[in-house]
Amino acid sequence: MSDGFSDLVVRSNAFFSELAANNTRDWFEAHKSTYTDDIKKPAEFLGDILAEDLSRLSGTTLKPKLFRVYRDVRFSKDKTPYNPRLHMSWSPIKPAGGPLFFS
């Protein structure tokens with residue numbers, strides 16, 4: 001069974017291109033399982049792998065974070081409900097002032 005990691009870039013580019021063109025709740029709900037299986041799970045796996053490597057390089061224990069696909073539109077003129085891109089970060093577990101990585 002494939003973990004989906006090798007196809008993450010191709011599948012996420014295709015999915016987020018379609019999402020940008022169809023940024024509605026109805027479209028996303030119909031394709032939510034695709035997002036979860038083909039993008040979210042492999043991206044979380046990527047985050048864990050990179051957290052280990054970045055922790056080793058920086059000498060600080062880092063934790064990965066995959067940002068939500070849902071947007072906060074309360075104060076925005078743009079009311080599209082979903083982010084058409086994948087955001088991740090790696091931050092120190094202790095706020096002692098280590099490096100923060102963002103993608």
Side-chain angles (χ1 to χ4, degrees):
M1 182 171 103
S2 173
D3 55 27
F5 179 66
S6 59
D7 297 327
L8 176 62
V9 173
V10 173
R11 289 181 179 174
S12 63
N13 283 339
F15 179 84
F16 286 119
S17 293
E18 289 182 45
L19 178 60
N22 304 294
N23 203 328
T24 64
R25 186 177 192 278
D26 292 336
W27 186 90
F28 185 77
E29 289 300 317
H31 296 87
K32 189 172 184 175
S33 63
T34 301
Y35 170 75
T36 302
D37 297 336
D38 293 347
I39 295 156
K40 185 178 180 181
K41 288 179 183 177
E44 289 171 342
F45 178 62
L46 171 66
D48 291 338
I49 290 173
L50 287 177
E52 292 174 11
D53 292 343
L54 293 171
S55 294
R56 189 173 53 254
L57 291 172
S58 67
T60 303
T61 304
L62 301 172
K63 64 178 178 177
K65 176 183 178 183
L66 180 64
F67 286 75
R68 297 175 43 197
V69 70
Y70 306 100
R71 292 184 63 235
D72 182 0
V73 297
R74 292 176 295 174
F75 307 108
S76 176
K77 289 181 182 180
D78 177 10
K79 298 296 184 188
T80 54
Y82 303 101
N83 286 317
R85 60 191 83 49
L86 185 65
H87 291 291
M88 301 172 75
S89 71
W90 297 266
S91 59
I93 290 178
K94 294 182 181 179
L100 174 70
F101 299 94
F102 181 80
S103 167

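All values derive from a computational prediction rather than experimental measurement.
The two residues Ser89 and Phe102 have their closest heavy-atom pair at CB-CD1, 4.0 Å. Closest approach of Pro84 to Ala20, counting heavy atoms only: CB-CB, 3.9 Å. The minimum heavy-atom distance linking Lys79 with Arg74 is given by the pair NZ-O, 3.6 Å. Nearest heavy-atom pair across Ile93 and Leu62 is CG1-C, 4.4 Å. Between Leu86 and Ala43, the shortest heavy-atom distance links the atoms CD2-CB, 4.0 Å.
Panel note: side chain Arg71, backbone Asp78; a donor-acceptor pair is recorded below 3.5 Å. Between the side chain of Ser12 and the main chain of Ile39, no donor-acceptor pair closer than 3.5 Å is present.
Because its NZ or CZ atom is both nearer than 6.0 Å to the ring centre of Phe67 and within 45° of the ring axis, Lys65 counts as a cation-pi partner of that residue.
The salt bridge (Lys or Arg N to Asp or Glu O under 4.0 Å) check on Asp48 picks up nothing, with sequence neighbours excluded.
Considering CG of Asp37 and CZ of Arg11, their distance stands at 9.5 Å, rounded to 0.5 Å. Taking OH of Tyr82 as the reference point, atom CZ of Arg68 lies at 10.5 Å (rounded to 0.5 Å).
Tyr70 and Tyr35 fall within the same hydrophobic cluster, where Ile, Leu, Val, Met, Phe, Trp and Tyr residues are linked whenever their side-chain heavy atoms come under 4.5 Å apart, directly or through other members.
At a threshold of 4.5 Å between non-hydrogen side-chain atoms, the residues Ser55 and Thr60 do not count as touching. Contact of the Phe101 side chain with the Met88 side chain is not registered, since no non-hydrogen atoms from C-beta on lie closer than 4.5 Å. At a threshold of 4.5 Å between non-hydrogen side-chain atoms, the residues Thr24 and Pro81 do not count as touching. Using a 4.5 Å heavy-atom cutoff, the side chains of Leu19 and Asn83 are not in contact.
Under the 6.0 Å cut-off for aromatic ring centres, Trp27 and Phe15 qualify, their centroids lying closer than that.
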